[in-house]
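Encoded as structure tokens, the structure appears first; notes follow it.
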Amino acid sequence: MNTATIRRRILDWFAEHKRDLPWRGTRDPYRIWISEIMLQQTRVAAVIPYYERFLARFPDPAALAAAPEQELLAAWAGLGYYSRARNLQKAAKKILELGGFPRDYPSIRDLPGVGDYTAAAIASIAFDLRFAALDGNVMRVLSRLTAQVADIRSAIARQTLRGFADRLVDPRRPGDFNQALMELGATVCLPRNPKCSSCPVVRQCLAHQLGKQNELPLKLGVAGAEKVAKRLLVIEKKGKVLAWQRPAGSRRLAGFWELPEPEQVPAASVGARIAGFRHTIVNTNYAIEVCRASLVRTPKGFYWIGTKNLHEVPLSTTAKKALACLSGQGARND
Ligand code: SF4
């Protein structure tokens with residue numbers, strides 16, 4: 001396989017077709033790092049409004065390190081996977097101790113919350129270091145280019161694709177090349193129905209030559225997502241809503257505010273259903289029903305929050321969605 005041709009064609013295509021995204025064009029490692037962490041498990045369209053707002057609020061590692069946790073979580077609320085925000089703050093403190101953003105791969109990789117992919121993306125985009133960044137999109141493109149027939153999650157497939165990616169990454173423009181490959185995966189070499197007729201490497205792609213572009217990458221025995229039904233209660237009193245806060249040691253969403261479920265407030269009388277929506281967390285699909293309810297006494301561990309002050313506290317995404325249903329702004333799936 002002619003790596004020089006593939007490289008050149010992908011870079012030329014990127015120069016012409018890349019999307020205009022707010023984190024493109026900067027070499028500032030702080031901004032690149034924030035964008036890469038936000039983009040982990042979150043779609044580009046969802047990240048865009050958060051990115052500018054977050055950077056306006058925390059423009060450098062010092063501001064991020066000094067932020068009160070509640071403020072940080074409130075700025076992150078809606079992006080999900082909140083350990084990312086906490087790790088950002090831990091890493092910002094480490095960057096201050098180091099006297100600046102680290103400039104070599106091992107030190108970048110050493111920052112809390114930074115894995116192989118993110119370290120390679122920052123090292124290549126900010127510092128021109130030749131490291132291949134392999135995310136899900138890139139793995140898909142490479143597995144099709146090489147017609148990799150082993151299960152994409154197997155050690156052998158990963159090792160083979162890693163070797164190919166290391167050879168392929170452009171030594172002079174590793175940052176551009178990594179971004180180009182990610183862009184190709186995000187916009188052309190799609191998981192289903194890849195747009196091969198618009199692909200710059202269609203002539204070099206083995207999967208396309210074999211007519212297997214829709215079958216690869218191979219994923220054997222993928223377990224279906226678990227389905228869970230639950231109800232959230234909206235209990236209002238004098239312009240306030242009843243909520244509880246997850247403890248600091250909670251495994252998920254520590255410090256976030258939630259609406260009660262019926263089992264937590266057995267004394268509540270549950271009234272009409274307002275709406276329903278779906279929410280996915282990792283491998284679980286929640287079907288959530290939002291109901292009104294009323295209570296005489298405030299149960300232990302619950303607090304009344306003014307509906308006008310809700311934006312000041314970190315609310316979980318499900319609580320946000322449930323409250324949006326109440327005001328008729330939420331995305332209803334029913
Ligand atoms: Fe993906 Fe099709 Fe391009 Fe091959 S030709 S890399 S399958 S878009």
Side-chain angles (χ1 to χ4, degrees), residues 1-19 21 23-29 31-37 39-40 44 101-111 114-148 150 152-191 194 196 198-208 213 216-217:
M1 188 166 277
N2 189 334
T3 50
T5 304
I6 294 177
R7 218 181 261 155
R8 182 176 43 76
R9 294 186 69 87
I10 289 177
L11 276 169
D12 288 350
W13 168 85
F14 184 58
E16 204 177 325
H17 293 96
K18 68 180 166 198
R19 289 169 295 174
L21 301 175
W23 45 88
R24 291 250 159 95
T26 181
R27 302 290 297 267
D28 177 350
R31 298 178 81 88
I32 294 165
W33 170 55
I34 299 292
S35 71
E36 289 296 340
I37 299 293
L39 287 164
Q40 288 170 2
V44 164
F101 206 99
R103 303 178 67 87
D104 61 275
Y105 179 88
S107 312
I108 298 170
R109 175 72 179 79
D110 223 23
L111 294 173
V114 172
D116 292 342
Y117 161 78
T118 306
I122 299 168
S124 62
I125 300 168
F127 304 116
D128 277 335
L129 298 174
R130 192 184 178 192
F131 287 91
L134 265 87
D135 68 350
N137 281 335
V138 171
M139 292 280 280
R140 181 173 61 254
V141 176
L142 299 183
S143 76
R144 285 173 173 163
L145 268 176
T146 57
Q148 170 62 246
I152 189 83
R153 292 159 309 165
S154 67
I156 184 72
R158 287 178 173 273
Q159 217 176 328
T160 312
L161 294 179
R162 158 67 57 194
F164 180 53
D166 288 343
R167 288 197 305 284
L168 195 58
V169 67
D170 192 289
R172 286 158 306 163
R173 297 169 56 194
D176 282 347
F177 186 76
N178 280 331
Q179 292 183 82
L181 213 46
M182 291 175 216
E183 189 80 344
L184 190 67
T187 61
V188 174
C189 194
L190 304 171
C196 300
S198 311
C199 178
V201 284
V202 64
R203 297 228 302 263
Q204 288 72 32
C205 176
L206 289 181
H208 185 263
Q213 64 271 27
L216 298 175

Sequence neighbours excluded, which residues qualify as side-chain contact (heavy atoms from CB on, under 4.5 Å) partners of Leu39?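 Leu39 satisfies side-chain contact (heavy atoms from CB on, under 4.5 Å) with Trp23, Val44, Val47 once adjacent residues are dropped.
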Test side-chain contact (heavy atoms from CB on, under 4.5 Å) applied to Thr5 - qualifying residues, sequence neighbours left out: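 Listed in chain order: Asn2, Arg8, Arg9, Gln204.
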With salt bridge (charged side-chain N to carboxylate O under 4.0 Å, His left out) as the rule and sequence neighbours excluded, what pairs involving residues 173-187 come up?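 For residues 173-187: Arg19-Glu183, Arg24-Glu183, Arg173-Asp176.
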Which residue pairs pass the salt bridge (charged side-chain N to carboxylate O under 4.0 Å, His left out) test with at least one member in residues 127-144, sequence neighbours excluded?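 Those involving residues 127-144 are Arg27-Asp128.
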Residues that [X] engages under salt bridge (charged side-chain N to carboxylate O under 4.0 Å, His left out), provided they are two or more places apart:
X      : answer
Asp12  : none
Arg103 : none
Asp110 : Lys94
Arg109 : Asp116

Listed by chain and number, what are the ring pair (Phe, Tyr, Trp, His ring centres under 6.0 Å) partners of [X], not counting sequence neighbours?
X      : value
Tyr117 : none
Phe131 : Tyr105
Phe14  : none

State, with a plain yes or no, whether a side-chain heavy atom of Pro200 is found less than 4.5 Å away from one of Leu184.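 Yes, their side chains come closer than 4.5 Å.
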Gln148 vs Leu142 side-chain heavy atoms within contact, under 4.5 Å: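 Side-chain contact under 4.5 Å: no.
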May I ask you to decide if Ala133's main-chain N or O and Asn178's side chain share a donor-acceptor pair within less than 3.5 Å?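 Present.
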Under 3.5 Å, sequence neighbours excluded: what are the donor-acceptor pairs made by side chains of residues 156-165?
| unit_1 | atom_1 | unit_2 | atom_2 | d |
| --- | --- | --- | --- | --- |
| Thr160 | OG1 | Ile156 | O | 2.6 |
| Arg162 | NH1 | Ala132 | O | 3.3 |
| Arg162 | NH1 | Asp166 | OD1 | 3.4 |

